[in-house]
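One structure is given here, and the rest of the page talks about it.
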Amino acid sequence: MMNLSDEPAIRARGLRVIRGSRQVLDGLDFDVPRGQITGLLGPSGCGKSTLMRAVVGTQAKVTGDLTVFGEPAGSAPLRSRIGYVTQAASVYRDLTARQNLEYFAAILGIPRKEARTQVEQALADVDLTDHAEALTANLSGGQLSRVSLAVALLGAPELLVLDEPTVGLDPVLRRDLWNLFHRIASEREAAILVSSHVMDEAERCHRLLLMRSGRIIADDDPDALRVRMGTATVEEAFLKIVDAEKAAEIEKGSAVQ
Ligand SMILES: Nc1ncnc2c1ncn2[C@@H]1O[C@H](COP(=O)(O)OP(=O)(O)OP(=O)(O)O)[C@@H](O)[C@H]1O
């Protein structure tokens with residue numbers, strides 16, 4: 001019998017999404033395990049944000065089987081178990097960083113005393129303690145996205161869904177945030193699904209889902225992927241898979257003609 005903790009955080013089978021008149025996700029099958037960082041990588045427009053929106057339940061026209069902790073994606077009991085950071089920082093610009101966190105802690109129903117500790121911890125986690133009293137309207141883009149990330153950390157969610165959380169950050173902050181993600185995954189056994197189109201970030205993930213044009217073209221860990229493709233980096237492996245796919249498509253096209 002499957003132990004409850006063996007059950008993946010996310011399970012998708014035949015996941016399809018239509019946006020406008022286009023099929024944007026084309027029958028995806030994948031699992032996202034607990035206690036690990038799963039990187040969702042692929043070029044701009046391949047469907048990473050759409051996949052994440054489907055997981056958190058904000059995407060329309062989703063079909064197939066998509067569950068989070070065994071519940072249908074988007075169902076009410078999942079709300080407090082998932083932290084979601086979109087590409088556009090979702091914070092109130094007329095509040096300070098601390099006030100934003102206090103407000104969202106109250107929405108989550110975290111008791112006042114516990115909230116104080118969690119707000120302090122979240123500010124420290126994203127290295128914003130020194131800017132806690134600044135109006136978020138006056139923060140830089142990178143600082144603003146870290147306030148958004150701090151909000152997502154409140155309530156110690158079991159699943160963090162992070163849409164390109166390190167865009168625009170300097171190398172030191174990027175490294176510190178990746179260290180934080182690793183700490184959250186190992187200490188809290190949380191699952192982290194993080195998207196990026198920067199392939200060097202792939203090397204920092206436990207597992208990878210490589211996407212292209214609404215499909216998953218590789219589902220592996222970075223070492224296994226490099227070995228299987230005989231490349232030195234994940235980026236080279238990705239390019240090799242894409243080139244092989246393109247060659248197969250051309251061959252198929254000429255066979256049909
Ligand atoms: N409202 C919409 N109507 C029609 N097509 C859309 C809509 N929103 C997005 N798309 C298309 O869906 C596809 C997937 O978009 P998505 O934002 O998921 O990609 P992405 O991989 O996250 O890209 P990026 O890395 O640039 O954020 C794109 O081709 C995009 O043009």
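Atoms within a ligand are numbered from 1 in the order they appear, just like the ligands themselves.
Here the protein heavy atom with the shortest distance to atom 30 (C) of ligand 1 is Arg22 NH1, 4.1 Å. Distance from atom 6 (C) of ligand 1 to its nearest protein heavy atom, with residue and atom name: Arg19 CB, 3.8 Å. From the protein, the heavy atom lying nearest to atom 26 (O) of ligand 1 is Ser44 OG, 2.6 Å. In terms of protein heavy atoms, atom 17 (O) of ligand 1 is closest to Ser49 CB, 3.7 Å. Closest to atom 25 (O) of ligand 1 among all protein heavy atoms lies Lys48 NZ, 2.9 Å. Nearest protein heavy-atom contact of atom 15 (O) of ligand 1 is Thr50 OG1, 3.8 Å.
A salt bridge links Asp65 with Arg11: the closest approach of a Lys/Arg side-chain nitrogen to an acidic carboxylate oxygen falls below 4.0 angstrom. A salt bridge does not link Glu235 with Lys240: none of the charged nitrogens is closer than 4.0 Å to a carboxylate oxygen. With salt bridges taken as basic N to acidic carboxylate O contacts below 4.0 Å, none links Arg116 and Glu102. Under 4.0 Å is where a charged nitrogen must lie from a carboxylate oxygen, and between Glu71 and Arg79 no such pair does. Using a 4.0 Å cut-off between charged side-chain N and carboxylate O, Arg226 and Asp223 make a salt bridge.
With Asp163, Leu40, Val24 as candidates, the residue nearest to atom 13 (C) of ligand 1 on a non-hydrogen basis is Val24.
Annotation for Arg13: atom CZ counts as buried by contact number, over 12 foreign heavy atoms lying within 6.0 Å.
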Residue pair Asp163, Thr86: steps toward the side-chain hydrogen bond (donor to acceptor under 3.5 Å, both in side chains) verdict: CA-CA 5 Å; Asp163 200 347; Thr86 59; over 6 Å; no
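Both tests pass for Arg81 against the ring of Phe69: distance under 6.0 Å to the centre and angle within 45° of the axis.
Counting atoms of ligand 1 from 1 in the listed order, those under 4.0 Å from a heavy atom of Gln87 are 27 (O).
Ligand 1 has no atom lying under 4.0 Å from any heavy atom of Met211. Within the structure, the closest approach of Glu164 to ligand 1 falls below 4.0 Å when heavy atoms are considered. Taking 4.0 Å as the cut-off, Pro43 counts as a neighbour of ligand 1 on heavy-atom distance. For the pair Gly42 and ligand 1, no heavy-atom separation below 4.0 Å is found.
The side-chain heavy atoms of Val194 and Ile37, taken from C-beta on, include a pair separated by under 4.5 Å.
Taking any N or O of Gly45, backbone or side chain, at least one lies under 3.5 Å from an N or O belonging to ligand 1.
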